[in-house]
Structure formats: C-alpha cells, structure tokens
Amino acid sequence: MKILAILYKGGNAATSEPRLLGTVENQLGIRKWLESQGHEYIVSDSKEGADSDFQKHIADAEILITTPFHPGYLTADLVAKAKKLKLCVTAGVGSDHIDLNAAVKNGIQVLEVSGSNVVSVAEHVVMSILLLVRNFVPAHEMIERGDWMVSDIARNAFDLEGKVVGTIGAGRIGYRVLQRLMPFDCKELLYFDYAPLPEAAAKAVNARRVEDLKDFVSQCDVITVNCPLHEGTLGLVNADLLKHFKKGAWLVNTARGAICDKDAVAAALASGHLNGYAGDVWNVQPAPKDHVLRTAKNTLGGGNGMVPHYSGTTLDAQARYASGTKSIIENYLSGKAQEPQNIIVGIGKFETKAYGQR
Ligand code: NAI
C-alpha cells in the first residue's frame with residue numbers, strides 16, 4: 001500500500017532535533033514501522049502544482065497524511081484523481097485543507113488527532129491576548145533598538161483584569177482558553193457557539209453565551225477565534241462584523257487565517273478601530289512575503305502579534321500527534337474501530353458537528 005505524507009521541511013533544526021517529528025526529515029517517526037509491514041511511505045513537502053510530489057503521488061496513495069502547518073490542499077479536483085484514496089489523516093487538529101464534502105461523496109474517511117494540541121494552542125491564545133493588551137511587542141522592539149521611552153509604550157498598555165473577553169467557538173481550545181483566563185479576573189467571559197456548553201461546564205468557567213454574533217462582538221474588549229474553518233466561518237470576521245467591534249478591541253485568531261478577512265483586519269488596525277491583531281494562522285500557508293498581516297500596524301505603529309503557524313506544533317504537541325497518527329493508521333490497517341472523537345468524516349458522512357450546522 002502507498003502512504004503519502006505531506007509535511008513541512010525541518011532543515012537543520014530537524015536534523016539536530018529528532019523531536020521535530022512532524023517534519024519531512026523525521027517523518028512522524030513511522031517509516032521503519034510502515035516499511036517493516038511492506039508498505040511504501042512517501043514523504044515530501046512539495047505540494048503545489050501538477051509536478052509536485054503531492055499531486056503526483058495522490059493518484060495511487062491509499063492513505064494521505066497531511067498537517068495543517070504546511071497544508072497539502074486536497075481539493076475536489078484532486079479527490080477525483082485520487083482513485084485509491086481511502087483515508088486522510090490530519091497530523092494535528094483542523095482538516096479544512098481537505099475538501100470534506102468531496103471526501104464524503106467519495107467515501108474517503110478523514111480523521112484528525114483530536115485534542116493533540118489543544119492545550120498548546122490555548123496557551124498561545126492567552127499569551128497573544130496578554131502581549132496585545134500589554135503592548136509587549138513594541139516594548140521589546142524598542143529595547144532591541146537601543147531606545148528607552150516608557151511613555152511611548154505605556155500610552156497603549158492595559159491590564160487584562162476588568163476586560164470582557166469572548167471566544168468564537170467554545171470547543172476543546174475555546175473552553176481551555178476560558179479556563180486559563182479565570183485567574184485574570186476579567187470583567188466577564190463570553191462565548192459564541194451554536195453548540196451551547198453543558199450547563200456545568202459553562203458554570204465552571206463562569207462563561208455567558210451570547211447568541212447573536214454582532215451583539216457578542218459589541219460586548220467584548222478581546223475576541224479570540226477558536227472555531228474550525230468551514231462554509232459558515234469563511235470570512236466570518238469581515239468589514240461588516242468589524243464595524244460592530246468595540247473601538248480599540250483586540251482580536252486573536254489561532255483558528256484559521258481565512259476566518260478573518262485579512263484586508264478588513266489591516267484596514268481596521270490602520271483606522272484605529274482595532275488596537276491589535278495576533279495569531280499564527282494565515283489564509284495561505286506559507287504566507288507570501290508581502291502578506292498584509294506580516295506588517296499591518298495600529299495607529300501607534302504596534303498591535304501586531306503575528307507569527308508563523310506554530311502554536312499547535314510545540315515539541316510536546318508533536319509527540320502527541322505523531323503517536324496519534326500512528327494509532328489511526330494502525331487501526332485502519334488492522335480493521336479496528338477508530339476512536340470516535342477523531343472521526344471528522346466517516347464513510348460517506350460527517351461524524352462531527354464542529355464543521356458547520358448540517
Ligand atoms: P472543537 O471541534 O473541539 O471545537 C470547535 C468549536 O467551534 C465547536 O464547539 C463548534 O460548535 C464551534 N463552531 C463551529 N462553527 C462555529 C461557528 N460558525 N460559530 C461559532 N462556533 C462554531 O475544535 P478545537 O480542538 O477546539 O479546534 C478548533 C480549531 O482550532 C480547529 O478546527 C483548527 O482550525 C484550529 N487549530 C489551530 C491550531 C494551531 O496550531 N493554530 C492547532 C489546533 C487547532
């Protein structure tokens with residue numbers, strides 16, 4: 001059987017750090033295991049265009065492993081070419097780079113390693129909220145430049161205490177963000193999600209659900225995006241919704257780049273309507289050198305906390321999603337049932353409610 005993995009290139013870092021398991025070099029640590037069973041294992045980062053390894057090998061691969069950090073975009077056209085494909089495994093969480101409707105139609109299962117990096121991301125969200133609210137990045141840049149002008153930083157630095165923080169999506173990550181925010185004594189914690197939290201869970205973090213999105217954003221000082229990308233969330237945070245944000249709000253998006261309209265976000269920063277934008281996800285990955293969100297700034301020249309997509313690929317997370325990927329493949333090869341929480345698309349149908357209300 002041919003198993004194809006599209007991973008990110010690790011370069012020198014991966015040759016000197018074997019715990020970078022999710023790289024082309026370290027191959028999720030499963031090459032020996034797969035080859036000992038007679039399988040062919042192709043691993044590459046080449047994913048764009050008809051000559052890419054991805055597009056060449058997809059034609060006869062039975063299992064495709066991809067990662068959200070360097071997404072191999074499995075479009076409906078590629079699904080049509082992938083005549084032998086039976087299983088897509090996302091090494092991580094978030095399978096929007098797969099055309100899920102095409103997978104349903106063609107009987108291709110899509111599984112992810114649910115939960116594998118949700119703490120990693122939740123920690124990054126809390127860090128990003130703090131670095132925006134406290135105006136950290138410009139403060140650090142000032143120090144590196146050799147300058148020292150406290151008031152230039154303090155004029156836009158606040159406490160998180162007393163602010164209203166809301167999450168769009170209160171699933172595994174969103175809920176963990178709320179849990180981690182509790183000791184900060186925020187004024188209120190809010191959430192917007194079509195799936196209400198169980199009463200006890202909402203009570204445990206003292207979170208209030210707001211059912212209307214515009215109403216929700218208008219109450220928040222800080223908004224964090226923690227829902228999957230699907231038809232209902234593509235461009236959800238656009239120029240129209242941003243108008244309903246409080247002036248000077250901060251926005252953190254570690255979910256998926258395309259949930260927030262990049263140009264609308266950059267314009268809202270430039271006009272002062274948004275005070276900051278941070279996150280690690282981009283509408284195209286790798287982000288082009290001139291991507292507007294690499295350099296977008298607020299009116300004081302700060303407010304940008306963007307980094308490459310790495311919040312969910314800490315070394316701790318890589319150990320978890322590499323071993324989870326192996327378990328999923330092991331189950332598939334041995335005909336054992338998959339863990340229900342990992343199944344996004346089962347044979348011919350969606351098994352999760354998180355990718356939109358169907
Ligand atoms: P989850 O499935 O546990 O929770 C997602 C929640 O979003 C669910 O409660 C669902 O009802 C809600 N939701 C879906 N559509 C919504 C909408 N239109 N409005 C409001 N809420 C909506 O997923 P989990 O584990 O919390 O991950 C969420 C997303 O975070 C992933 O799908 C992925 O895109 C992203 N992620 C990013 C990572 C990174 O490294 N930056 C790593 C892991 C996940």
Side-chain angles (χ1 to χ4, degrees), residues 8 22 66-71 90-98 100 110-128 166-180 190-198 201-202 207 209-217 220 223-238 241 252-260 278-283 285 287 305-318 320-321 324 340-345 350-358:
Y8 62 85
T66 53
T67 160
F69 308 105
H70 180 72
T90 300
V93 172
S95 301
D96 50 276
H97 55 286
I98 309 283
L100 297 174
V110 181
L111 278 87
E112 54 187 46
V113 191
S114 290
S116 58
N117 52 14
V118 295
V119 167
S120 322
V121 179
E123 288 185 1
H124 195 99
V125 171
V126 174
M127 174 186 78
S128 301
T167 174
I168 299 181
R172 295 177 184 88
I173 296 173
Y175 190 73
R176 280 164 181 75
V177 170
L178 296 174
Q179 284 179 315
R180 280 156 182 75
L190 306 181
Y191 76 99
F192 171 81
D193 194 319
Y194 52 70
L197 285 168
R209 180 171 178 232
V210 181
E211 283 187 48
D212 177 78
L213 184 57
K214 288 179 177 159
D215 182 21
F216 165 82
V217 299
C220 294
I223 289 163
T224 150
V225 185
N226 298 295
C227 57
L229 173 63
H230 54 74
E231 295 91 333
T233 59
L234 178 71
L236 187 69
V237 182
N238 54 25
L241 188 68
V252 172
N253 178 14
T254 53
R256 283 297 176 259
I259 297 173
C260 299
D280 67 331
V281 286
W282 304 75
N283 61 315
Q285 295 189 180
M306 291 302 288
V307 293
H309 191 170
Y310 84 102
S311 71
T313 187
T314 58
L315 293 183
D316 300 297
Q318 297 201 31
R320 291 188 294 262
Y321 67 67
Q341 78 270 13
N342 288 342
I343 311 176
I344 304 302
V345 172
F350 277 88
E351 293 288 353
T352 174
K353 293 192 168 69
Y355 281 80
Q357 290 169 297
R358 289 185 162 79

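Both counts, for ligands and for their atoms, begin at 1 and track the order of listing.
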Contacting atoms of ligand 1, where contact means under 4.0 angstrom from a heavy atom of [X]:
X	value
V281	41 (N)
N117	42 (C), 43 (C)
F69	40 (O)
T233	17 (C), 18 (N)
D280	39 (C), 40 (O), 41 (N)
R256	33 (C), 34 (O), 35 (C), 36 (N), 37 (C)

Side chain to side chain contact (heavy atoms under 4.5 Å, CB included) partner of I223, chosen from V217, L190, N253, L241: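 In the set V217, L190, N253, L241, the residue that makes a side chain to side chain contact (heavy atoms under 4.5 Å, CB included) with I223 is V217.
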From V177, I259, I173 - option closest to atom 44 (C) of ligand 1 by heavy atom: I173
Heavy atom of [X], distance to ligand 1 below 4.0 Å:
X	result
H230	yes
G92	no
L229	no

Side-chain donor-acceptor pair present, T90, Y321, cut-off under 3.5 Å: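 Note: T90 and Y321 side chains miss the donor-acceptor criterion.
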Side chains of R256 and T233, donor plus acceptor under 3.5 Å: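 There is no such pair (donor and acceptor under 3.5 Å, judged by atom type) between the side chains of R256 and T233.
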What residue and atom, counting heavy atoms only, is the protein's closest point to [atom], and at what distance?
atom	result
atom 2 (O) of ligand 1	A354 CB, 3.3 Å
atom 5 (C) of ligand 1	P228 CD, 3.6 Å
atom 38 (C) of ligand 1	V121 CG2, 3.5 Å
atom 35 (C) of ligand 1	A255 O, 3.5 Å
atom 31 (C) of ligand 1	V93 CG1, 4.0 Å
atom 20 (C) of ligand 1	F192 O, 3.5 Å
atom 22 (C) of ligand 1	C227 CB, 3.6 Å
atom 25 (O) of ligand 1	V118 CG1, 3.4 Å

Residue portion contacting ligand 1 (non-hydrogen atoms closer than 4.0 Å) for [X]:
X	answer
T352	neither
R172	both
D193	both
H309	side chain
N226	backbone

Are the side chain of [X] and the backbone N or O of [Y] linked by a donor-acceptor pair below 3.5 Å?
X	Y	result
D280	Y310	yes
N342	S114	yes
W282	A258	no
D215	D212	no
D193	A170	yes
S120	A317	no
Y191	Y175	no

Evaluation steps, side chain to side chain donor-acceptor pair (under 3.5 Å), between T224 and N226: CA-CA 6 Å; T224 150; N226 298 295; 2.6 Å; yes
Compare every heavy atom of [Y] with every heavy atom of [X], then report the nearest pair and how far apart it is.
X	Y	result
A122	R180	CB-CD, 4.1 Å
L234	L229	CA-CD1, 3.7 Å
A278	G305	CB-O, 3.5 Å
T313	Y8	OG1-OH, 3.0 Å
N117	F69	ND2-CZ, 3.9 Å

Please say whether [X] places an N or O atom under 3.5 Å from an N or O atom belonging to ligand 1.
X	result
G312	yes
T254	yes
Y310	no
S311	yes

